[in-house]
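One structure is given below, encoded as structure tokens.
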Amino acid sequence: MTQPFRSDETVATTCPYCGVGCGVMVSRGPGALGEPQAEARPVTGDKTHPASFGRLCVKGASLHETIGPGGRLLHARVKGARVSLTQALDTVAERIRVSIEQYGPESVAFYLSGQLLTEDYYVANKLAKGFVRTPHVDTNSRLCMSSAVAAHKRAFGADVVPGCYEDLELADLLVLVGSNAAWNHPVLYQRMKAAAREGRRVVVIDPRHTATSELADLHLSLRPGTDTILFNGLLVWLADCNALDRDYLSVHCGGLSETLDSARQAAPDVASVAAACDLAPDDVEAFYRWFAETPRTVTGFSQGANQSVAGTDKGNAIINCHLATGRVGKPGASPFSLTGQPNAMGGREVGGLANTLAAHMDYQAPGARERVAGFWQCPAVPEGPGLKAVDMFDAVLQGKIRVLWIMATNPAVSLPDSARVREALKRCDTVIVSDCVDRTDTSALADIVLPAAGWGEKDGTVTNSERRISRQRAFLPLPGDARPDWWLVSQVGSRLGHGKAFDYGGPREIFCEHAALTALDNNGSRPLDLSGLADLDQQAYDSLEPVQWPVDQQGQSRARMFAEGGFATPDGRARLIPVSTILPASGPAQPGEVVVNTGRIRDQWHTMTRTARAPRLLAHRDEPFVEMHPRDMAGTGLEEADLAELAGQYGRFVGRVRSSEGQRPGEVFVPIHWNRQFSGDAVASQLIAPVTDPVSGQPESKHGVARVSRYPARWHGRLLVRRDRPRRWRAGYWSHAPLAECDSWWLADVERPDWLRDMMDFLGGRPQLVMQDAAQGRFRAARLVDNRLEAILLVDARPERIPDIAWLASCFALEALDEHQRRGLLSGKDLQAEDIGKVVCSCFGVGDKQITAAVAAGCGTVGALGDKLQCGTNCGSCIPELKTLIEASVTEPS
Ligand code: SF4
């Protein structure tokens, strides 16, 4: 049994990053719980947690590095001035009250987040819909998986993931659509990988060749946006080769005939599918054959499918094939939506999406509005759905929404056309931001900021991708004035005159109320039923083991759903949905333009507000980049390590060029993480149009269009400087990465400055060590104070000629440099030490030069490298890169 506190010093909790929902054990440092000096020690995986069985990826394993006091929002501010929390909450309540009076309830909106705990989410939804009486509640989960939600509801009648993680291991055919699980769901990917066996096949469907492709027996690098054609073609193939499960279809499903007709029109045969998807016909046929002949097939789909103007149709095209073969909710056979965020599903459960009411009840469901209003004891709830994220911010821009409360998310970076979002926030009468991070692009535009509790300080529950509810437990005291989000919302509810409805003694009471609402008048009509959890006492809540919903009154839960039908539709039958072929709205790129695909990288999370605080998470990729096919690089005159400028209709992006044969020609990939705190022009959402899926409202984040050119830098620089410099170095291009002992900046510009003068201005003193070679465009200078390294600037005409900074960064930790070290500064080398090169394995700090040397010395496998250097032996996320280095070493001419 999972115990909240395994010993006096150890707490079982859950990782706050991705939707895998790994169990984490945290040892507390000196100081008892509740004492201000309490600190968390390094975290380990919880071997008893059924999502992860002790595994953690490098993000989870670095959690302890992100929870210190640095960068925390500790006190409330109104118009930039620090105020007491009481004053701030009074102001929030007053602004909401006045706005309701003057402009009506719909002038108030809430923008929530999959980072919130279910309890926080529940209370925010209750305040908005029950007591402010605005329907405008949406969440950043809209950007992540709302298309999967809509597909589930159309097919199953409810937002239910019918399978569980074990199915991904049991499947004899694993199909991954739009999912780079190796980087984005690393622990689940490790489970899939560990389940490899003779005869198990994996098909990866993704325009890009990613780290996940390493697992693939077949990689279908299809033309972006053509997934529906591929799966329509699969349905036709299944029908034509008698691979449909006619019994399951006749008893449990409707809509086959019209869906098949529609599929046949869109994708009549393999040849037409291959042509439309830009795939080899043999590859398409192999996929179809494998699918048809493998009863145990799981199709996992993620943001690559969801983030599209046809995201809902893509989900339904996949689900159609599973319903047609009866492969739903059976061991090793199911469609499976891989959720992005730690509590995206918890937010869906309470009603965090604008089109749902609460507890998986829709506004239009008979009796739902009255049921919820009666349960909350409020006069009424709004009559219909509110505005989804993109439309909500449009309404802010138009002045229809005048008070916007944003919790635990950073829409000024993450929403498409973020420049327009920033303009909306600037124009809004009152922007309230509650967050645990002090400075974000969004909080910089807020009128009121409220300090929220962070991971390790708050208590509650989250639901992962397999419907598993796990506890997040507090093990640190609340710093400064920080309070849990549910408490902040409840205080405002109380100030608005609804104290009785928000008189919660703690998260347990909220969770039980939420569970009771799921059970109310349910009688099997709604799959989300937590009736067995509605009466937990404090001890039971504290010791709650990870459990998958539904949980019936006897406490029985279910790992799988719908194998025997029983769908949440009026007739209990699932629906196959005819899906059309909608290609991305922006259309094919014009000459000189490229299609921009955006996504996540291995070691960062969302807009970096937390993960950028862990230096080892920046070691993998320390600046924004543009991944391009070599053919496109040649066509635009770009070389590896140049800076590329992408100019789109909505903004620009500048990042370092990375050559990748895994990109389709004409398409580039940029990471979503960099924000205006960490780079000058690398907000990926500025390249994305605010166009959305007509059903789900999810933006098309995988298909921007931009003109690509070389940023004409005349110099490139690397600045390392002791922390807490009051200002930035001014340069046309900059990117910032906090390291363990100093801050690091990449710099470049189109003008060549006087570096010595600028460095003296910046540091307030003259560097003692200076080297200048005007002919080579080279400048290097270091300043020491009391023989400690204060700053070093390395400038060159080409970025690859700038030395690696690993050793230089370590010099900032030294109390004094010896003569030998001083002499090595301008060359960037400790002449007596090993140069490890670029870090590949973040867990053990192993660099590419070490790996290449080990391969040359005979380590020809990942296992052998692990034995020698430890790389790849913890989270395993770097294994694809290890393989690449092994292959490169083998194929390099001697
Ligand atoms: Fe956290 Fe990594 Fe597990 Fe995701 S896979 S929950 S980021 S430890």
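One-based numbering, in listed order, for ligands and for the atoms of each. Residues: numbered from 1 along the sequence shown.
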ask   = Atoms of ligand 1 less than 4.0 Å from G60 heavy atoms?
value = 8 (S)

query = Just wondering, is there an N, O or S atom on H185 that's nearer than 2.8 Å to atom 3 (Fe) of ligand 1?
reply = no

inquiry  = Strictly below 4.0 Å, N to O, side chains only: are D542 and R471 in salt-bridge contact?
reply    = yes

task = Report the nearest protein non-hydrogen atom to atom 4 (Fe) of ligand 1: residue, atom name, distance rounded to 0.1 Å.
result = C18 SG, 2.3 Å

query = Does a salt bridge link E119 with K458, judged by any charged N lying under 4.0 Å from a carboxylate O?
reply = no

ask   = Parallel, tilted or perpendicular: which describes the rings of F669 and F625, with under 30° parallel and over 60° perpendicular?
value = tilted

request  = Check whether any heavy atom of S52 sits under 4.0 Å from an atom of ligand 1.
outcome  = no

ask   = For ligand 1, which atoms have a heavy atom of Y17 less than 4.0 angstrom away?
value = 7 (S)

query = Roughly how far, to the nearest 0.5 Å, is the OG1 atom of T409 from the CG atom of L415?
reply = 7.5 Å

inquiry  = Let me confirm one number: the CG-SG distance from N464 to C15, rounded to the nearest 0.5 Å.
reply    = 11.5 Å

ask   = Under 4.0 Å from any heavy atom of C15, which atoms of ligand 1 are there?
value = 1 (Fe), 6 (S), 7 (S), 8 (S)

inquiry  = Give me the residue, atom name and distance of the protein heavy atom closest to atom 3 (Fe) of ligand 1.
reply    = C22 SG, 2.3 Å

Carboxylate-amine/guanidinium contact R676 D441, below 4.0 Å = yes

inquiry  = For Y541 and F511, take the angle between the two ring planes, folded into 0 to 90°, and tell me which bin it lands in: parallel under 30, tilted 30 to 60, perpendicular over 60.
reply    = tilted

note = Counting from 1 in the order shown, the ligand 1 atoms closer than 4.0 Å to a non-hydrogen atom of V187 are 3 (Fe), 5 (S)

request  = Name the closest protein heavy atom to atom 2 (Fe) of ligand 1, giving the residue it belongs to and the distance to 0.1 Å.
outcome  = C57 SG, 2.3 Å

key: Element-labelled atoms of ligand 1 that are located less than 4.0 Å from some non-hydrogen atom of G21   = 6 (S)

